[in-house]
Amino acid sequence: MGDRLRLAVPNKGRLLEPTVSLLHDAGLVFDSRERSLVSSCENFPLDILFARTEDIVEFVHDGVADMGITGRNLLVESGRELDVRAQLHYGRCRLEAAVPTDAPAQTIADLDGCRVATSHRATSERFFQDRGIRVEIVPLSGAVEVAPRMGLADAIVDLVSTGSTMLVNGLRSIGTLLASEAVLVAPPGADGHATDVVTMLQAVVDGRERRYVMMNAPLARLAEIEALLPGLGSPSIVPLARGDMVAVHAVVNGDELWGLLGSLKAAGASGILVLPIELLIQ
Ligand code: AMP
């Protein structure tokens with residue numbers, strides 16, 4: 001393997017495209033069309049190993065790969081002790097318990113004595129055991145949402161992102177067992193190039209969440225405008241040719257941007273420019 005680090009990533013499914021975009025956004029150059037097995041980065045000592053999403057934790061645990069990107073739900077299901085080195089803010093979903101719409105259960109505790117169908121057996125068993133809720137787990141490998149209709153189970157535990165599949169199948173959520181998103185995992189204590197990869201990917205994730213905002217502001221109202229801009233530390237103030245005006249530059253959370261623009265304008269800001277941030281290294 002030499003000095004090259006091996007990063008295992010999904011070779012298909014819903015985490016594939018956002019993972020390839022993340023790596024490209026981090027500036028890594030590799031051939032993402034060739035996903036048969038390994039793609040070597042041209043500009044960093046990193047080999048991308050394309051694998052089944054479900055196998056990635058095992059690859060990292062066994063040392064076949066040095067790091068991996070997979071769903072947090074799969075790490076929890078595996079029970080393996082890997083470090084989550086970065087939360088990647090895509091592939092968000094929840095492991096939820098649901099019952100037929102007309103069933104009496106209102107909360108997860110109401111499932112005591114029920115049969116629960118799931119393909120997330122270990123996580124579900126641990127969750128119910130930890131809370132002293134006695135259930136019979138019916139392990140299925142797929143199409144879990146039809147189990148109640150087929151008389152196989154009283155309830156299900158399944159991954160949900162919008163909830164529409166449950167709705168279509170006449171199911172009602174009664175609680176969340178786990179919140180998940182894509183994560184970067186590594187064996188405890190991994191360092192060297194592994195730390196560089198963490199820094200790179202975290203910089204993309206942090207950059208995506210923020211915007212760089214530039215505006216002109218009357219010097220007389222600067223304090224008012226500064227108070228509106230929490231961002232990263234204090235904003236940069238740049239003098240302008242017109243002595244009574246300054247340019248204010250700040251990094252703001254993307255989520256807060258639209259709420260902020262009206263207040264900035266009301267405080268006298270003009271010519272407001274909003275730019276994306278490619279990488280943010282904190
Ligand atoms: P896939 O390879 O398409 O089966 O996706 C596997 C992973 O995608 C899951 O283990 C989750 O981490 C993640 N995921 C995100 N949203 C959902 C969803 N609505 N249903 C199933 N998996 C999801």
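Every number for a ligand or one of its atoms is a count from 1 in the order of the listing.
Of all the listed residues (L159, T70, V183, T162), L159 holds the heavy atom that lies closest to atom 21 (C) of ligand 1.
Counting all heavy atoms, side chain and backbone alike, R172 lies closest to A103 at NH2-O, 2.6 Å.
The side-chain contact (heavy atoms from CB on, under 4.5 Å) test with V183 is passed by exactly one of I69, D83, V84: V84.
In summary, the side chains of S40 and D47 do present a donor paired with an acceptor at a separation below 3.5 Å, with no hydrogens or angles considered. For E209 and N253, the side-chain atoms include no donor-acceptor pair closer than 3.5 Å.
In this structure, atom 14 (N) of ligand 1 lies nearest to the protein heavy atom R14 CD, 3.4 Å. Annotation: atom 11 (C) of ligand 1 to nearest protein heavy atom, N73 OD1, 3.4 Å.
Near G13, the atoms of ligand 1 lying under 4.0 angstrom from a non-hydrogen atom of the residue are 2 (O), 3 (O). Close approach of ligand 1 to G71 (heavy-atom distance below 4.0 Å) involves ligand atoms 12 (O). Listed by number with element, the atoms of ligand 1 under 4.0 angstrom from any heavy atom of L74 are 10 (O). Heavy-atom proximity to T53, at under 4.0 Å, picks out these atoms of ligand 1: 2 (O). Against a heavy-atom cut-off of under 4.0 Å, G91 is close to the following atoms of ligand 1: 15 (C).
Taking only nitrogen or oxygen atoms, main chain and side chain alike, R72 does not reach within less than 3.5 Å of ligand 1.
In this structure, F30 and F50 have tilted ring planes: the angle between them lies in the 30° to 60° band.
For R6 and D66, the salt-bridge test fails: no basic side-chain N is under 4.0 Å from an acidic carboxylate O.
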